[in-house]
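Here the structure is laid out as structure tokens; the discussion comes afterwards.
Values in this document were obtained by computation on a predicted structure and should not be read as measured data. Residue numbering restarts at 1 for every chain, and letters A, B, ... go by the order of the sequence lines.
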Protein chains: 2
Amino acid sequence: MDDIDSAILSHLQRDGRLTNRELARLVGVAPSTCLERVRALRARGVITGYHAAVQPRMLGRSLQALVFARLRPLSREVISGFEAYLAQLPEVVSVFVVSGDDDVVVHVAVPDIEQLHAFLMDRVSARREVVSFRSSVIYQQTGTRVLTPVNGRHGHE
Amino acid sequence: MDDIDSAILSHLQRDGRLTNRELARLVGVAPSTCLERVRALRARGVITGYHAAVQPRMLGRSLQALVFARLRPLSREVISGFEAYLAQLPEVVSVFVVSGDDDVVVHVAVPDIEQLHAFLMDRVSARREVVSFRSSVIYQQTGTRVLTPVNGRHGHE
DNA sequence: GGTGAAATCTTCCGCTC
DNA sequence: GAGCGGAAGATTTCACC
């Protein structure tokens, strides 16, 4: 994980469809070298995949929300069961299992407020392990394009 | 936005580096047709980009957390200012501006609990517009790979 | 929406440092 | 061990049907 790897990661997080040739040019190594580094990053699990990003609004999902739920009993089985259940629902973007007042935070994308209500009632409230929940509408979201390696020891240098 | 577009989106969300040839084969159209459809999806803003996904742990960011903050005064300027400030910090993964008890939810990735504490004190608590905040450690996260188009009218069919 | 051909890219392998 | 250059095969991409 040197400066070249960092540069590769930075560019590929910004544009995952860069050609190997262009990427090599950007980071200043030969295409063959670049290809090997990218493969090594993938093999080491630093890069986990490449994904097209879509705009939920363009898919008819104009309303996004965070749903905070408390589960009981709070066992490993209940948590992973609920998580697996959520992950398979089309409304769910991602699920966080967290510490604190709430046990899980669910990011959902639905067409409108009615569908959000339906989701909360039929998909969340209907579950026996959910003892309470609340939701927050997302007015705006900004994601950081690039996650940079932290200075210091980590992974295998 | 027909079944072929849906299939294209589904495949590209799963693997953003699929070759156009392979994608065409998967969705059952000729490569040139497929290329044009993908370009149209990009041009219409359905696909906003392609990104390599990285594992925060492999970048030395082994601890992730959600930070919930309340801002005052709650004006457009204060919100967008705080959001812009956060977006540029390397610890920040994404920022949600939300309704409810809290005004913003910040997803952060840091090396350890000490760095989380430092982030909360030096980057969050230090800001004048933040009147209160709390944080939750993320024990586990699962993201849905694929966001599907919703049935019904949306965008331009 | 499909076909074919030129331009470009990927990828392997031997060579060098 | 890491990086480079070239050549074979695959892919992209465009004009045209």
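- Rounded to an integer number of Å, the gap from Glu36(A) CD to dG1(D) C1' is 9 Å.
- Within the structure, every side-chain polar atom (N or O) of Arg21(B) is placed at least 4.0 Å from both OP1 and OP2 of dT13(D).
- The distance from atom CG of Asp2(A) to atom C1' of dG3(D) is 12 Å, rounded to the nearest whole Å.
- Residue Glu36(B) qualifies as open at atom CD: its count of foreign heavy atoms under 6.0 Å is 12 or below.
- Distance Arg39(B) CZ to dT11(D) C1': 13 Å, rounded to the nearest Å.
- Note on Arg37(A): every side-chain N or O is 4.0 Å or more away from OP1 and OP2 of dA2(D).
- One side chain, Ser10(B) or Arg14(B), offers a donor N or O that lies under 3.5 Å from an acceptor on the other.
- Rounded to whole angstrom, the span from the CG atom of Leu35(B) across to the C1' atom of dC16(D) amounts to 16 Å.
- Where Thr33(A) and Leu18(B) each meet DNA chain D at their nearest nucleotide, the meeting point lying more 5' is that of Thr33(A).
- Taking only side-chain nitrogens and oxygens, Arg17(A) never comes nearer than 4.0 Å to OP1 or OP2 of dC9(C).
- In this structure, the CG atom of Leu23(A) is 13 Å from the P atom of dG3(D), given to the nearest Å.
- One interatomic measurement links the two molecules: CG of Asn20(B) to C1' of dG1(C), which rounds to 14 Å at whole-angstrom precision.
- Within 3.5 Å, a donor on the side chain of Ser32(B) pairs with an acceptor on the base of dT3(C), or the reverse.
- Counted by atom type alone, Thr33(A) and Arg37(A) present zero donor-acceptor pairs between their side chains at under 3.5 Å.
- Rounded to a whole Å, the OH atom of Tyr50(A) is 11 Å from the P atom of dT10(C).
- Taking the six-membered ring for Trp and the full ring otherwise, the centers of His107(A) and Phe96(B) sit less than 6.0 Å from each other.
- Here the P atom of nucleotide dG1(C) and the CG atom of Asp5(B) are 9 Å apart, to the nearest Å.
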